[in-house]
Structures are given as C-alpha cells and as structure tokens.
Number of protein chains: 2
Amino acid sequence: MLDTLLGGQSLPAGELAYIAGVTPQTASSHLSKLIDANVLLVETNGRHRYYRLASPEVAQLMELIAAVTPPVRVRSLRESEQMKKVRHARTCYDHLAGRLGVDLTKSMLDNGLIEVESPTDFSLTSQGHDHFRQFGIDFSVIKLGRRVFARRCLDWSERYHHVGGLLGATLTSALFERRWIERVEGLRAVKVTDVGRSGFREFFGLDVKEIIKA
Amino acid sequence: MLDTLLGGQSLPAGELAYIAGVTPQTASSHLSKLIDANVLLVETNGRHRYYRLASPEVAQLMELIAAVTPPVRVRSLRESEQMKKVRHARTCYDHLAGRLGVDLTKSMLDNGLIEVESPTDFSLTSQGHDHFRQFGIDFSVIKLGRRVFARRCLDWSERYHHVGGLLGATLTSALFERRWIERVEGLRAVKVTDVGRSGFREFFGLDVKEIIKA
DNA sequence: GCTAAATTTCGATTATCATCGAAATATGAA
DNA sequence: TTCATATTTCGATGATAATCGAAATTTAGC
C-alpha cells in the first residue's frame, strides 16, 4: 500500500485493500496504525477516505529503505515468468495497467482521444467521445457519481501513467466483455486474445507486441 | 541497540545486550536479523564480534524515522536531562548533530564556507577550501571514494539540516582529535570543552550557548 | 589439551500481531 | 425514509515473534 502511495496519489481504503490483496478490514487496521505513526494522512471526503503519505520525509524514508534493503531475489523460473506476465498486462483495481495499459494510454493520447488535464487527471476530448460512441460506449450519458472520471495512475512496472478512474474501469470491463482480454488464472495478469490483438490495432492503432500465452 | 550504534561506534554483542536490557541470546537473535537486513555489519575479532551500522544510509534512515515519529513521552527527570544533552550535541553515525551540529552548519553557511548545492547536498566553496586548509584539513587531496561529499542530513531534534557525508565525518573526527568535543559517558551525546568553546568562536564565529557539564 | 569467556543455536513457552467474519457506523442517493 | 456503498470496530482464531534456559561452538590464554 505504501509503495502504491509513493507515487504521491491519494487513494481510498478499499482500493488500497484490493491492491494489497487483503480484505478492507485488514487494510483499515494497518492504515489506522500508519496514521498513528505519522506515516499517512487521511482526508475524509463523504463516505470515501483518501489516504496519502504524511510528508516528503516519509517518501524519502521509503526510498532509503529500498536503497538499504537487498533487492528481492526472484526464486524460481516460474516466479520470473509470472512476474513477466504481471508486468506485461494486469488489472490495477478495475482498470488496465502494465505495458498494455500504458501503451493503450499512449495511443489514446497520440490519437487525440484523451488529453492531460492536470497532474492527476486525464480528460476525454470531443473526438474521444465520438470514438468511444462508435465503440459502443457513450460517456456523455454515464453518470460520474463520486468517482474521478479519468485518473492518471502511476504504473510501478512501466514508470509511466495509465488511465484509471471511471473511464479506465468502463473501458476495461468492455474489453473483458468483448473478450479482447482475459484473466490469467491465479494472477493479477491478463492476456490479449487474437480478437483483441486485431481489435487494438484497428480501433486504437495499437500493435500489441507480445501476446502472453495462457 | 541501534540508537546506541548511531553514535558510530562498534560494540560487541554482550554490551549491546546489557544496554538493551535483554539476555545475550535475545540480542544475538536480533543482531543476526539486522545483519540479514543489511542494517548492521559485524567484524569478528577473536571471540568478540563487533557490530556497527552497515552504512551512512542506515544512520540517515534512523534520523529520518526519529524526525517522522511522534515524540516519545519522557518518563523521568533523569531521562529528561539525558534527552537535553543528546538534543544539544551528539554524533550521528560519524558526524555532528543536534543543536551544535545545526548551529555549526548555519555558521559555515553564513560565512560562505559551504553552500546548498541541491536538496540533498552541500558543497564546499573555494573560500571554504582555504579556511579548512588553514584549519589543517586539505579537502582538495581527500579522495571521495563512493561516499557522498557533504550530505544535507535532516536533524530530528532541530528540524533543520546538518552536514553529513565525508565533510561532516572528517571535520568531526578532527574536532575529537583536537579535544574541542568529548564523548559523554554512556550516551550518544558529546560535550564541548573549554578549548572547543574558544575554538568554535575564533574559527567558526560560533558562540556555543550552553556547555554540557560532564 | 584444558578451561573460561563470548557468542550462537536449539527448543519450548508466552506474548503479540495479522487476518477476516460479523456487526456497527457514516454517507450519499432514490 | 430506505437502500447501497465505504469504511471502521469488535471478536475470535491462527500465525508469527520475542524471550530465555540449556547446550553447542569458537577462541584466547595457560
């Protein structure tokens, strides 16, 4: 959770729990300890509680710990293959991340479907609205609710942003529905199907470099 | 045990056990974990095994933890007096910290001996080079090796930076050699001698406010 | 080679922590 | 109001860690 927050974002408890792979109760327990220890700050916003690092010193602290700690040894070929799959394409909460998520984001930027609105957010251009309407998703009728529309989410494996928020989530669930992507059993990784491979090329001008074999 | 080793000394396991108030078995168990975690190094010298911090980064890490952590409640008058001494002047790994370390750093900045080079580093000005040559230290002939020359190290008690790195270490060991400062028995604290008091005034334009009495 | 000192390893006990189901709380929406 | 969602609190259980006695290991000095 701390590693995720190192990017400087504020995230709600549920999302941090998902990322850490624990239940919300467990995450809540850890988060409150981290608050007490002056490591995190929380900002209450309605029923969401956004957690973030308490100070630049904490970020410096974590970088130092990473510098002092011996690098985590990958113990087996299987683990290393799994790591490759996870780096290639995975879900981050409910949207695409990894190489695929980042490349898709870059191609949407290049094609003028989205643009960088602020350090923390993307926005959908009118061209993007049209393009996604053709794709079968009409974002002009989708209600925002409390959720951010298109978060710029820092990708730990690619060190670049991918699209999160409602846009990322809606797009990703559509990709699952159309079977462009499928979950890899037991991992956070996803694989691109043959249908997806041609779909990404035609619709997003994106050549998916390596297809992960199931 | 780590707090004791922050003074920069090497100590045997038995002594660290005594200081921490645990049996040698318990200390040994913790020390071996700290070795595995790259926090400590051990030097075997006959049947004694001398433990010390593994790197300046570990010292910086611990000072940062102290800076982030909420202050510990002081339980007794004696503890409070000890705390005062430690806050006044102490060694941080191998360089000066506390009020004295911070004031010395400020006076070197004011007198143009050093300047802020980056958020993490100081640098020695040409005036500083001359001044230290007069003092008897020629930094132009000291090899850097892998160590940072003059780190801006955050001071937990003063919430300001003091000089670490090679510059801080070289200066501090010279101060011990000339008996401007001496260790306080059983603590990380140091005290300024009468010689040091006049020396700091003449050479660094620094009035040492309170002399810690032994 | 023997003995004493410093330290570690082993094993058992006790204390503490992590975890999650169930229930409570808080908020926003219908 | 009622329902759904986000989050926390409580409580029980299983896992992990701390601790130290006993015994093993290492080495200095005799």
Side-chain angles (χ1 to χ4, degrees), chain A residues 1-5 9-54 65 69 72 75 91-95 120 139-149 151 153 164-170 172-173 186 188, chain B residues 1-5 9-54 65 69-70 72:
Chain A
M1 298 193 292
L2 286 174
D3 194 60
T4 301
L5 293 174
Q9 322 165 59
S10 289
L11 291 173
E15 199 156 334
L16 288 168
Y18 179 85
I19 287 166
V22 294
T23 59
Q25 301 96 293
T26 302
S28 177
S29 147
H30 286 278
L31 289 169
S32 71
K33 283 171 191 171
L34 290 166
I35 294 280
D36 290 345
N38 281 11
V39 173
L40 295 182
L41 289 179
V42 66
E43 200 172 340
T44 301
N45 226 324
R47 61 185 152 181
H48 295 262
R49 310 195 69 195
Y50 287 91
Y51 289 88
R52 65 173 195 277
L53 300 190
I65 290 171
T69 296
V72 177
R75 268 164 301 186
T91 47
C92 167
Y93 192 52
D94 57 5
H95 55 269
T120 58
F139 280 105
S140 62
V141 301
I142 289 180
K143 281 195 307 176
L144 244 184
R146 275 251 144 234
R147 187 155 187 201
V148 170
F149 180 66
R151 166 169 288 135
C153 185
L166 188 61
L167 173 56
T170 308
T172 302
S173 68
R188 269 210 289 154
Chain B
M1 295 193 294
L2 285 174
D3 193 62
T4 301
L5 292 174
Q9 324 164 55
S10 289
L11 291 173
E15 201 156 333
L16 289 168
Y18 178 82
I19 288 166
V22 294
T23 60
Q25 301 95 296
T26 302
S28 177
S29 147
H30 285 277
L31 289 169
S32 69
K33 283 172 190 170
L34 290 166
I35 294 280
D36 290 345
N38 281 11
V39 174
L40 295 182
L41 289 179
V42 65
E43 200 173 341
T44 302
N45 229 323
R47 60 186 154 177
H48 294 264
R49 308 194 71 196
Y50 286 92
Y51 289 88
R52 64 174 197 275
L53 299 191
I65 289 171
T69 296
V72 178

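Proteins come first, then strands; the chains are lettered A, B, ... in the order of their sequence lines, and each starts at number 1.
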Taken in chain and number order and not counting sequence neighbours, the residues that satisfy salt bridge (charged side-chain N to carboxylate O under 4.0 Å, His left out) with R52(B) are E43(B)
side-chain contact (heavy atoms from CB on, under 4.5 Å) filter on V42(A), not counting sequence neighbours, yields I35(A), R49(A), Y51(A)
Closest non-hydrogen contact found for A27(A) with A17(A) is CB-CB, 3.5 Å
Listed pairs, N/O of protein and of nucleotides 12-15 of chain C, under 3.5 Å:
none

In whole angstroms, the gap separating P of dT9(C) from CG of L31(B) amounts to 11 Å
Check step by step if side chain to side chain contact (heavy atoms under 4.5 Å, CB included) holds for R151(A) and L11(A). CA-CA 11 Å; R151(A) 166 169 288 135; L11(A) 291 173; 4.0 Å; yes
When every non-hydrogen atom of V39(A) is compared with those of L2(A), the smallest separation belongs to CG1-CD2, 3.9 Å
R49(A) side chain near dA6(D) phosphate (N/O to OP1/OP2, under 4.0 Å): no
In whole angstroms, the gap separating P of dT8(D) from CG of L16(A) amounts to 10 Å
**Request:** Might you work through the side chain to side chain contact (heavy atoms under 4.5 Å, CB included) test for L53(A) and L41(A), ending with a clear yes or no?
**Result:** CA-CA 6 Å; L53(A) 300 190; L41(A) 289 179; over 6 Å; no
For Q9(B) and L5(B), the nearest pair of non-hydrogen atoms, with its separation, is O-CD2, 3.5 Å
side-chain contact (heavy atoms from CB on, under 4.5 Å) filter on S28(A), not counting sequence neighbours, yields none
Scan nucleotides 18-23 of chain C against the protein and return all N/O pairs shorter than 3.5 Å with their distances rounded to 0.1 Å.
from: dA18(C); atom 1: OP2; to: K33(A); atom 2: NZ; distance (Å): 2.6
from: dT19(C); atom 1: OP2; to: H30(A); atom 2: NE2; distance (Å): 2.7
from: dC20(C); atom 1: OP2; to: T23(A); atom 2: N; distance (Å): 3.2
from: dC20(C); atom 1: OP2; to: T23(A); atom 2: OG1; distance (Å): 3.2
from: dC20(C); atom 1: OP2; to: T26(A); atom 2: OG1; distance (Å): 2.9
from: dG21(C); atom 1: N7; to: Q25(A); atom 2: NE2; distance (Å): 2.4

OG1 of T4(A) to CD of E15(A), rounded to nearest 0.5 Å, is 9.0 Å
Taken to the nearest whole Å, CD/E43(A) to P/dT27(C) is 15 Å
T23(A) meets the side-chain contact (heavy atoms from CB on, under 4.5 Å) criterion, sequence neighbours left out, with Q25(A), T26(A)
Separation of dT8(D) atom P from L34(A) atom CG, nearest Å, is 12 Å
To the nearest angstrom, the CD1-P distance between I35(B) and dT7(C) comes to 13 Å
Notebook entry, point to check: When you check the phosphate oxygens OP1 and OP2 of dT7(C), does a side-chain N or O of Y18(B) lie under 4.0 Å from one of them?
Noted result: no
Rounded to whole Å, OH of Y51(B) lies from C1' of dT7(C) at a distance of 8 Å
Residues at least two apart in sequence or cross-chain that pass side-chain contact (heavy atoms from CB on, under 4.5 Å) with Y50(B), listed by chain then number, are S10(B), P12(B), N45(B), H48(B)
Between OH of Y50(B) and P of dT26(D) the distance, given in whole Å, is 20 Å
To the nearest 10 degrees, the angle between the two end axes of the helix from dG1(C)-dC30(D) to dA30(C)-dT1(D) (five pairs per end) comes to 30°
